[in-house]
Structures are given as structure tokens and as C-alpha cells.
Amino acid sequence: MCKYPGKYMFWFRSLFFLSLLLSCNIAYSQYHTENDSIKKIPPDVINKITNTITLFSKGVLLSIPATIIPTHIVIRDRNLVFFDSLKSRASKNQLTKRLYNFVIVNTDTTFKKRFTGTSDANYIRYAGKKIRKIVIQRLNVFGANINNPTSKEPNKIEKVLNKTHFNTNENIIRKNLLFSEGDKISPLALSDNERILRQLPYIDDARIVVVPVSDEEADIVVFTKDIYSLGGSYDYRGLKKGSVSLFDKNIFGMGHEFGLDMPFDNTLPESPGFGAHYLANNILKSFINLNIYFLHGLGEKTYGFDLSRKLISSTTKYAGGISVRMMYTTENLDTLIVPAPLRYNLQDYWLSRSILINKESVSRIIIGARYTNNNVFNHPLILPESFYNLQKYMIFMGSAALSIQKYTKTSLIYSYGRAEDIPYGALFKITTGREFNEFKQRTYIGGEISFGKSIKSLGYFYSYTGLSTYLNKNRTEQGLLSVGMNYFSNLLNLGNAKVRNFVYIHYTRGFGRYSNELLKFTNYNGFSGFKNDSVNGTQRLSVSLESVLFSPVNLYGFRFAFFGFTDLSFLSGTNEMLGRGSSLSSIGIGIRIRNDNLVFNTLQIRIGYFPNPPVYSRISPITVSAEQLLRPANFEPGPPAIIPYR
């Protein structure tokens with residue numbers, strides 16, 4: 001078998017590419033675009049090859065004119081035509097087809113520009129037009145491109161997988177629309193709705209395109225691309241401990257979810273356990289979700305339901321929720337030789353009212369009320385200043401907030417190519433409440449402030465401050481101060497790859513905390529593979545730096561991101577200087593692998609080095625984990641809530 005030495009591989013690829021290039025009849029000049037910043041996808045951009053995109057759905061013929069496609073997009077798409085022609089010629093022979101796939105990496109042809117503008121900017125010129133028709137175009141999971149809906153080239157495997165998937169029913173998509181035929185076009189409603197569709201657990205990406213048909217009317221085309229809804233997970237905690245899950249995020253294309261869970265632990269009774277859950281999204285177009293769940297095993301039995309409706313858009317007036325949970329289990333408080341029985345019923349009810357006071361800046365006043373009853377029937381013997389979650393209490397809470405929030409659309413931040421909605425604005429929130437505890441009565445008060453803004457030449461900044469405490473006879477209890485700052489840079493070019501840098505700084509200080517409420521070095525602070533229960537404190541400062549390289553390689557929908565990181569954290573007591581307590585640092589590299597077509601979590605392989613770990617630490621330098629896709633913090637106040645201490 002003939003082998004090419006590594007040093008000749010570059011010349012071999014170049015000569016092969018040149019031969020294919022010369023075999024084509026059409027050549028295009030190089031076109032330069034600005035690629036040194038965050039990648040932005042305008043809401044109504046659909047890449048095209050011809051002068052129009054023609055759609056036919058339920059007797060409605062639509063031709064999207066070239067006028068809605070920016071000129072620079074059209075020029076750049078000539079490259080798409082060229083590579084399609086190149087691919088067509090290469091595919092005529094099995095050898096050249098394989099060589100083409102080896103040499104050519106499919107690149108993203110979507111427009112790249114700075115992190116500026118708003119998600120509704122491209123709809124403003126259509127404001128006030130009457131909606132004549134709404135056309136739904138559902139793309140297959142595999143082999144389809146949301147940025148180029150007319151291009152469909154699934155291979156044999158993708159065709160088979162598409163046949164095993166139920167595309168979301170068209171009526172389900174229509175049920176999640178905020179507008180109807182005959183309505184006047186609202187740019188804010190269209191941009192909100194595109195974001196809402198993308199946030200559905202069974203939708204990978206969505207686009208809403210306005211097609212003007214006259215000076216007074218326009219048609220709306222809604223493109224959606226599903227996620228392959230069948231999935232599973234395995235939580236490995238050792239040979240005799242873990243959990244297996246199977247689920248379908250979109251049963252028969254109805255938008256409902258059903259899952260089964262089987263936790264196992266040979267050291268606990270009733271192993272393996274069994275659990276199930278069912279989630280019905282957007283019941284009767286009310287945007288109310290119902291989640292029913294049950295779990296029995298490993299010495300625990302729990303069941304309950306959640307019925308909730310969020311402030312899904314800036315024009316939504318009411319939100320609320322009802323949650324009821326019943327739990328039967330045991331608790332050893334980390335000290336008891338024989339675990340004591342624990343039985344409780346948790347009930348939670350809340351209601352919020354949103355008032356839009358400025359449509360242009362999307363400023364809202366949001367007031368809320370909440371009642372929580374943690375009705376504990378049996379628990380181990382505990383002291384009044386310990387194990388708050390095991391105490392029997394009722395708390396009535398109220399909140400008032402000013403939210404200023406708009407979105408822009410970009411990519412390659414937390415996802416691997418799909419569109420991401422990044423919020424910017426501000427939130428001011430005050431919460432107060434009265435608690436009736438089995439040991440005492442006290443008052444809660446808390447305040448939160450957060451800001452998010454992009455600086456054109458630098459990137460995106462988000463800052464947060466929270467301060468809260470309970471007041472009990474002029475004495476503070478379970479108080480905390482939390483300050484944080486997140487930053488991610490503009491998108492940088494490194495050949496065909498893209499690089500983005502992230503910075504996270506968080507400081508938490510507790511005062512008057514209960515005896516068991518202690519801060520530690522955890523995975524939440526970036527220390528994967530580290531365990532040490534003997535190191536703790538009541539204040540912590542954490543700094544995390546990460547640089548991520550998004551590879552252009554797309555292997556059957558799997559995308560790869562390589563990252564390097566360094567983490568530093570300090571722990572100390574409330575009245576102790578941070579430098580005099582414990583510290584921990586780590587440095588390392590890793591890779592994340594994700595397929596946005598699938599419902600599986602991101603696979604992360606991380607290699608870390610801890611220079612000076614505290615004594616009695618257990619360290620795993622290599623960790624493999626399934627990470628959930630992160631989302632940037634937004635400026636929704638949510639229901640009245642106690643600021644978490646973690």
C-alpha cells in the first residue's frame with residue numbers, strides 16, 4: 001500500500017485542489033468580508049443561488065425577491081455556487097469524491113459582522129403591513145441548512161435517519177406563533193417569535209422571513225429545523241453507581257416529551273430505581289407547560305407536577321406557576337449512623353404581571369407575588385440555625401422589577417454554529433417577604449442589579465450584583481453579597497477556524513449563614529476532577545479564563561471546539577482576608593464535541609493540572625462529562641425568589 005510522507009501531504013492537497021479548480025468552467029474573484037468580530041445572522045437572510053427562492057406550500061406560491069437579500073450576501077454566495085460545481089464534478093468518480101471530502105471543508109457562508117444592532121432591525125421596514133399568508137416550511141433534521149433552505153443533499157445514512165424521525169406537526173409550529181393572518185406586522189413580535197421557536201426543546205433553529213407582496217400586504221414564511229428527538233444519557237459514577245435515561249423530546253411530532261430513568265447504586269436499597277416524566281408544551285396555545293414526574297428507588301419515592309407559564313415575549317402580560325411535590329426518603333445529616341425518615345410536601349404558587357412602558361427600548365415594570373409551603377411531616381432532630389431545607393416553613397413574597405431588554409442574534413458563543421440570541425439591557429429588582437418557620441418568624445429583603453452591553457471593538461460584558469438577608473429581631477440571618485462579571489470577546493480568525501475568549505469573575509460572601517451552609521471548590525467554579533470536602537469557607541473569589549477555538553470541521557454534523565483554560569479561586573471565613581484562607585488553581589486543555597441535530601448533551605474531555613492542591617484532595621486529571629448547552633444570563637426577573645447561596 002502506497003503511503004505519502006507527512007511533509008508531502010500539503011503539496012498533494014494543493015495539487016489536487018488546483019486540478020479540480022482548472023477543470024471548472026467558471027472562476028470567481030476573491031471576495032473579502034469583515035471576519036474579525038462576532039458573527040451575526042440577520043433574521044431575514046436566506047442564502048440563495050438564483051435571483052429568487054420559490055416556495056410552494058398548500059397552494060400558496062411565494063417567490064422571495066432578491067431585494068430582501070443584502071448585496072454582499074449575494075456576492076459571497078457565488079463561492080457557494082463555485083464549490084457546489086466543484087463538488088458535482090468531483091462526485092462523478094468515487095476516488096475524486098473521497099479526495100474532495102478529504103481536502104475541502106464546508107465553510108459557513110452566513111454574513112459576519114460586528115456585534116451590533118437588534119434582532120428586530122431587519123423587520124422595521126415592514127412594520128404596519130398586513131399579513132396576507134403565513135407559510136410554514138419544515139426542514140429535515142439531517143442534510144438541510146436553515147441558512148439555505150433550498151439546498152437539500154442528505155446522504156444515504158441521513159435519509160434513513162430522517163425517515164425514523166417525526167417532523168414537528170405544522171399545527172404545533174402555528175400554535176407557537178404570536179401573530180395570525182390579518183394582523184399588522186410588529187417587528188418586535190417577529191423577532192420575539194423567532195427566538196421563542198429556537199428555544200423550543202425540539203427545534204434546532206428557526207427563521208422568520210417577510211415577503212412583501214404589495215405596498216400594504218406581506219406574506220410571512222417560517223422556516224424551522226427540528227432536532228432529532230430520540231436520545232439517551234448515562235451518568236457514570238463508578239461500576240456500581242450511576243443512572244441511565246432514555247427520552248423522546250418530540251413524540252410523534254406533537255411537541256410533547258416522554259422519558260424514562262433508571263438510577264442504580266448497589267449500596268442503597270431498592271436498586272435499580274425507576275422513574276418517568278411527561279412534558280406537554282404550550283397547552284391549547286396558552287403557552288402553559290405541564291410537567292408530570294415520578295421516581296421510586298434507592299430509598300426514595302417522589303412524585304409531583306409543575307404547571308407554569310413564563311413571560312415568553314415582551315408583550316406577554318401574565319405569567320404564573322403551580323408546583324406540587326411529594327417526597328418520601330431518609331436523611332443522615334452526614335453524622336447519623338442510621339438515616340432518619342424524611343417526608344414532606346412542597347407547594348409553590350406564583351403570579352407575575354408585566355406592563356410594557358416603552359416599546360422601543362422594551363422597558364417593562366414587572367410585579368410578582370409568591371407563596372411557598374414546605375410542609376415537612378417527619379425530619380431528623382435539627383437545630384434552628386441548621387439544615388434550612390429540612391425545616392417546616394411558609395413564606396409569602398412579593399417583588400417589583402424594572403426590566404430593559406432587547407436581543408441580537410449571533411453565533412459561536414455557547415453553541416457550535418446555530419443561531420444564538422444574546423440579550424442586552426438592564427434589570428433592577430427588589431424582593432421582600434415574610435416567613436413563618438417552625439422555629440421563628442422573620443422578614444426577607446433582597447435586591448438585584450444586572451447590566452449587559454456590547455462594546456463594538458471589545459465584545460460583550462455582563463455584570464451582576466445581589467444583596468439579601470433575613471431580619472430576625474434586628475439580627476441578620478442567611479445573608480449574602482454576590483458580585484459577578486462575565487465577558488466574551490469578538491470572534492477572531494485563525495485560518496478557517498474561529499477563536500473566542502471568555503472571562504468569568506465571581507465573588508460571594510455570606511454572613512449569618514447556618515452552620516451547614518458553606519462554600520467549596522466545585523465544578524460550578526470550573527474545578528472538574530477535584531474533590532475535597534474538608535476545605536470550605538463563607539466567602540469565595542473565583543476567576544476563570546478560557547479560550548475556545550471553533551474548528552471548521554463538520555463530521556456528519558459533529559462539530560469540534562478545542563479550549564484552553566485556567567482557573568483560580570480563594571476561600572476564607574466571613575471576617576478573614578481572602579489571601580489567608582485556602583486557594584486552588586488549575587490549568588489545562590480540552591475538547592468539546594457536539595451535534596446540534598441531536599438532543600444529546602455536549603461531550604467534554606478535559607485534561608487539567610492542579611499545581612498546589614490542598615491536603616486530602618482527590619484529583620482526576622482527565623474528566624469526561626456531558627455538559628448542557630449554556631445560555632447567557634438574561635434580564636427577566638422571574639418569580640419572587642430568594643437569591644441562592646452557592
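This one's a predicted model, so the numbers in the text were calculated from it and none came from an experiment.
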* Go through the steps to decide whether S314 and D192 satisfy the test side-chain hydrogen bond (donor to acceptor under 3.5 Å, both in side chains), and finish with yes or no. => CA-CA 8 Å; S314 53; D192 277 352; 2.9 Å; yes
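- No side-chain donor from either of E627 and N601 sits under 3.5 Å from a side-chain acceptor of the other.
- Applying the salt bridge (Lys or Arg N to Asp or Glu O under 4.0 Å) definition to pairs two or more places apart or across chains, none involves residues 270-291.
- Under the salt bridge (Lys or Arg N to Asp or Glu O under 4.0 Å) criterion, no residue pair touches residues 579-588, with sequence neighbours excluded.
- Separating the OH atom in Y504 from the CG atom in L545 is a distance of 10.5 Å, to the nearest 0.5 Å.
- Taking each heavy atom of H506 and G484 in turn, the nearest pair found is ND1-CA, 3.7 Å.
- Residue M326 is tested with L346, N345, N375, T302 for a side-chain contact (heavy atoms from CB on, under 4.5 Å); the sole match is N345.
- Surrounding NZ of K531 are at most 12 heavy atoms belonging to other residues, nucleotides or ligands under 6.0 Å away.
- Y645 contributes atom OH, which lies 11.0 Å from atom OG of S468 (distance to the nearest 0.5 angstrom).
- Annotation: the span from S403 atom OG to L427 atom CG amounts to 5.5 Å, rounded to 0.5 Å.
- The aromatic rings of Y460 and F488 lie parallel to each other, their planes meeting at an angle below 30°, with 60° marking the opposite boundary.
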query: Could you go step by step and tell me if S323 and Q347 meet the side-chain contact (heavy atoms from CB on, under 4.5 Å) rule?
result: CA-CA 6 Å; S323 176; Q347 301 176 41; over 6 Å; no
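- A distance-only check finds no donor-acceptor pair linking the side chain of N472 to the backbone of T476 [under 3.5 Å].
- Residue S617 comes nearest to F530 through the heavy atom pair OG-CE1, 3.3 Å, listed as atom of the first residue, atom of the second, then distance.
- Atom CD1 of I382 is surrounded by more than 12 heavy atoms from other residues, nucleotides or ligands within 6.0 Å.
- Counting only N and O atoms by type, the side chains of S119 and S191 include no donor and acceptor under 3.5 Å apart.
- H277 and E257 form a side-chain donor-acceptor contact under 3.5 Å, judged by distance and modelled atom types alone.
- Taking a cutoff of 4.0 Å between a charged side-chain nitrogen and a carboxylate oxygen, R592 and E546 qualify as a salt bridge.
- Using cut-offs of 30° and 60° on the angle between ring planes, the pair Y462 and F635 is tilted.
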request  = For L178 and T316, run side-chain contact (heavy atoms from CB on, under 4.5 Å): C-alpha distance rounded to whole Å, both residues' side-chain angles, the deciding distance at 0.1 Å, then the answer.
outcome  = CA-CA 10 Å; L178 302 176; T316 304; 5.9 Å; no
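- In plain terms, the two heavy atoms of I366 and S354 that are nearest each other are CG1-OG, 3.8 Å.
- Counting non-hydrogen atoms of other residues, nucleotides and ligands closer than 6.0 Å to CG of L284 gives a total of 12 or fewer.
- Between F428 and F451, the two ring planes are perpendicular [angle over 60°; tilted spans 30° to 60°].
- Interatomic distance, NZ of K317 versus OG of S352, reported as 15.5 Å (0.5 Å rounding).
- The backbone N or O of I395 sits nowhere less than 3.5 Å from a side-chain atom of T372 that would complete a donor-acceptor pair.
- Other residues, nucleotides and ligands contribute more than 12 heavy atoms inside 6.0 Å of the CG atom of N266.
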### Task
Test side-chain contact (heavy atoms from CB on, under 4.5 Å) on F610 and I619 and set out the steps.
CA-CA 8 Å; F610 298 84; I619 295 175; 3.6 Å; yes
Working note: S308 + N289, criterion side-chain hydrogen bond (donor to acceptor under 3.5 Å, both in side chains); need CA distance, chi angles, decisive distance, verdict. CA-CA 5 Å; S308 64; N289 301 330; 5.1 Å; no
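- Between S415 and E420 the shortest heavy-atom distance is OG-OE2, 2.9 Å.
- Cation-pi geometry between R195 and Y407 is met: the NZ or CZ atom falls under 6.0 Å from the ring centre, inside 45° of the normal.
- Here the OG1 atom belonging to T522 is positioned 12.5 Å from the CG atom belonging to N532, to the nearest 0.5 angstrom.
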Atom pairs and distances, side-chain donor-acceptor, residues 236-246, under 3.5 Å, sequence neighbours left out:
| from | atom 1 | to | atom 2 | distance (Å) |
| --- | --- | --- | --- | --- |
| R237 | NE | D235 | OD2 | 3.0 |
| R237 | NH2 | D235 | OD2 | 3.0 |
| S245 | OG | D261 | OD1 | 2.7 |

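- There is no side-chain donor-acceptor pair under 3.5 Å between N516 and S386.
- With a 6.0 Å cutoff to the six-membered ring centre and a 45° limit on the axis angle, R353 counts as a cation-pi contact of Y318.
- Residues S229 and D248 have side chains that bring a donor and an acceptor to within less than 3.5 angstrom of each other.
- Inspection of the Q539 and Y507 side chains reveals an N or O donor paired with an N or O acceptor under 3.5 Å.
- Applying the salt bridge (Lys or Arg N to Asp or Glu O under 4.0 Å) definition to pairs two or more places apart or across chains, none involves residues 293-309.
- Ring geometry, F565 versus F563: the interplanar angle falls from 30° to 60°, so the pair is classed tilted.
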Would you please test Y328 and F377 for side-chain contact (heavy atoms from CB on, under 4.5 Å) and show each step?
CA-CA 10 Å; Y328 301 87; F377 302 105; over 6 Å; no
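- Although no hydrogens or angles enter the test, the distance criterion places a donor-acceptor pair under 3.5 Å between the side chain of S271 and the main chain of D265.
- Remark: L541 CG to L519 CG distance equals 12.0 Å, nearest 0.5 Å.
- Aromatic pair F461/Y424: centroids not less than 6.0 angstrom apart.
- Minimum interatomic distance between G255 and N281 (heavy atoms only, all atoms of both residues): O-ND2, 2.8 Å.
- The two residues T431 and P640 come nearest to each other via the heavy atoms CG2-CB, 4.2 Å.
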Discussion item. Salt bridge (charged side-chain N to carboxylate O under 4.0 Å, His left out) for D596 and R594? Distances and angles first, verdict last.
Written reply: CA-CA 6 Å; D596 281 329; R594 181 173 180 82; 2.8 Å; yes
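- With Y393 as the fixed residue, the ring pair (Phe, Tyr, Trp, His ring centres under 6.0 Å) test singles out one of Y444, F436, Y388, Y344: Y388.
- Put simply, the side chain of S620 never gets that close to the backbone of T623: no donor and acceptor are under 3.5 Å apart.
- If you check the side chains of T538 and T574, you find a donor sitting under 3.5 Å from an acceptor.
- With respect to E517 and R646, no salt bridge is recorded, no charged nitrogen being found less than 4.0 Å from a carboxylate O.
- When atom types are taken as modelled, the side chain of R325 and the backbone of G304 share no donor-acceptor pair closer than 3.5 angstrom.
- For Y234, the OH atom sits in a packed shell: over 12 heavy atoms of surrounding residues, nucleotides or ligands are nearer than 6.0 Å.
- Every residue meeting the ring-ring contact (aromatic ring centres under 6.0 Å, His included) condition with H256, not counting sequence neighbours, appears here in chain and number order: Y278.
- Applying the salt bridge (Lys or Arg N to Asp or Glu O under 4.0 Å) test to residues at least two apart or on different chains, the pairs with a partner in residues 426-447 are E385-K440, E435-R442, K440-E477, R442-E477.
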